[in-house]
Amino acid sequence: MSCINILKNAGYKLTLQRKLVVDVIHSYPSHLTAEEIISKVQEKFPDINRSTVYRTLELLENTGCVVKSKMDDRTIYHHADEGHHHHLVCSRCGRRIECSDDMLSSLREDIQSKYEFNPNLSHMVINGLCADCRK
């Protein structure tokens, strides 16, 4: 379901500013920082306030439209329809490898059974060393 429909069904007004932020997130398949989203929105609507974009991103996260996570020292956003996936990031060269959610299913199950805790493993960044840097 598109973010527009989710917002409408949840009773939120579809303001021009919200539509512009949603359009940017839908238009770029890669992960974007808030700054990148602000920049792309301001190309179309220069007068938009930065705080409006941040509030819209928070709303989109709370309604399940986007996933917010940390990568290195940056906060990144991606459309929730991309599904659950994770990143392996080499601490030495910075190489990024995307891995699927099923790689962490046993970890999720172990945490649930051992600690009776339901972890949110929707988008993780795991740091380490890639094969080239380990040599």
Side-chain angles (χ1 to χ4, degrees):
M1 181 182 278
S2 81
C3 295
I4 302 294
N5 291 337
I6 290 171
L7 291 175
K8 283 182 181 179
N9 291 340
Y12 292 100
K13 291 182 183 177
L14 185 58
T15 64
L16 171 64
Q17 294 88 340
R18 287 177 180 165
K19 184 171 179 350
L20 288 169
V21 172
V22 167
D23 287 347
V24 166
I25 291 169
H26 279 242
S27 300
Y28 290 88
S30 61
H31 300 65
L32 297 170
T33 65
E35 292 300 316
E36 291 168 328
I37 294 168
I38 290 167
S39 174
K40 292 177 187 322
V41 169
Q42 286 179 336
E43 288 173 9
K44 296 176 183 179
F45 189 70
D47 295 334
I48 194 166
N49 191 308
R50 299 169 65 79
S51 63
T52 300
V53 176
Y54 279 107
R55 282 192 306 274
T56 301
L57 289 171
E58 184 177 347
L59 172 65
L60 294 173
E61 181 187 9
N62 290 339
T63 56
C65 291
V66 300
V67 175
K68 173 178 143 181
S69 54
K70 294 291 258 179
M71 184 175 289
D72 302 324
D73 61 341
R74 307 175 315 147
T75 299
I76 56 173
Y77 298 86
H78 73 87
H79 195 278
D81 284 351
E82 290 179 33
H84 297 282
H85 64 279
H86 312 286
H87 299 271
L88 308 175
V89 180
C90 181
S91 301
R92 187 171 295 152
C93 72
R95 179 178 177 206
R96 287 172 165 65
I97 304 166
E98 196 168 300
C99 65
S100 65
D101 187 48
D102 60 345
M103 296 291 292
L104 297 177
S105 61
S106 63
L107 173 62
R108 182 180 292 109
E109 291 167 8
D110 288 347
I111 291 172
Q112 287 172 336
S113 66
K114 184 173 182 177
Y115 299 104
E116 296 183 3
F117 184 82
N118 189 16
N120 177 3
L121 304 179
S122 60
H123 191 251
M124 293 188 63
V125 176
I126 302 169
N127 296 297
L129 292 176
C130 70
D132 291 339
C133 290
R134 280 196 326 265
K135 293 179 184 173

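- One distance of note links CD1 of Ile76 with CD1 of Ile37; it measures 10.0 Å at 0.5 Å rounding.
- Between Cys133 and Leu129, the shortest heavy-atom distance links the atoms CB-CD2, 4.3 Å.
- Closest non-hydrogen pair, Thr63 versus Ile6, comes out as O-CG2, 3.7 Å.
- In this structure, the separation between CG on Leu57 and OG1 on Thr75 is 10.5 Å, given to the nearest 0.5 Å.
- Among residues at least two apart or in separate chains, salt bridge (Lys or Arg N to Asp or Glu O under 4.0 Å) pairs with a member in residues 25-37 are Glu35-Arg50.
- Side-chain contact between Leu7 and Leu59 is present, with heavy atoms from C-beta onward closer than 4.5 Å.
- Scanning both residues, Cys90 and Cys130, for their nearest heavy atoms gives SG-N, 3.4 Å.
- To the nearest 0.5 Å, atom NZ of residue Lys40 and atom OG of residue Ser27 are 9.5 Å apart.
- Side-chain atoms of Arg55 and Thr52 include a donor-acceptor pair closer than 3.5 Å.
- Under a cut-off of 6.0 angstrom, the local environment of OH in Tyr12 is sparse, with at most 12 non-hydrogen atoms contributed by other residues, nucleotides or ligands.
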Contacts under 3.5 angstrom, residues 42-49 side chains, donor-acceptor by atom type, not counting sequence neighbours:
from: Gln42; atom 1: NE2; to: Ile48; atom 2: O; distance (Å): 3.4
from: Asn49; atom 1: OD1; to: Ser51; atom 2: N; distance (Å): 2.8
from: Asn49; atom 1: OD1; to: Ser51; atom 2: OG; distance (Å): 2.8

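- Here Arg92 contributes atom CZ and Arg134 contributes atom CZ; the two are 10.5 Å apart, rounded to the nearest 0.5 Å.
- Atom CD1 in Ile126 sits 11.5 Å away from atom OG in Ser91 (nearest 0.5 Å).
- No continuous path of hydrophobic side-chain contacts links Met103 to Val67 [ILVMFWY only; heavy atoms under 4.5 Å].
- Taking CD of Gln112 as the start and CZ of Phe117 as the end, the distance is 10.0 Å to the nearest 0.5 Å.
- Hydrophobic clustering (ILVMFWY, side-chain heavy atoms < 4.5 Å, transitive): Val22 and Leu14 are in one cluster.
- A search for salt bridge (charged side-chain N to carboxylate O under 4.0 Å, His left out) contacts involving Lys19 returns Asp23, not counting sequence neighbours.
- In terms of heavy atoms, Ile25 sits closest to Val66 at CD1-CG1, 3.6 Å.
- The main-chain N or O of Gly94 is found under 3.5 Å from a side-chain atom of Arg96 such that the two form a donor-acceptor pair.
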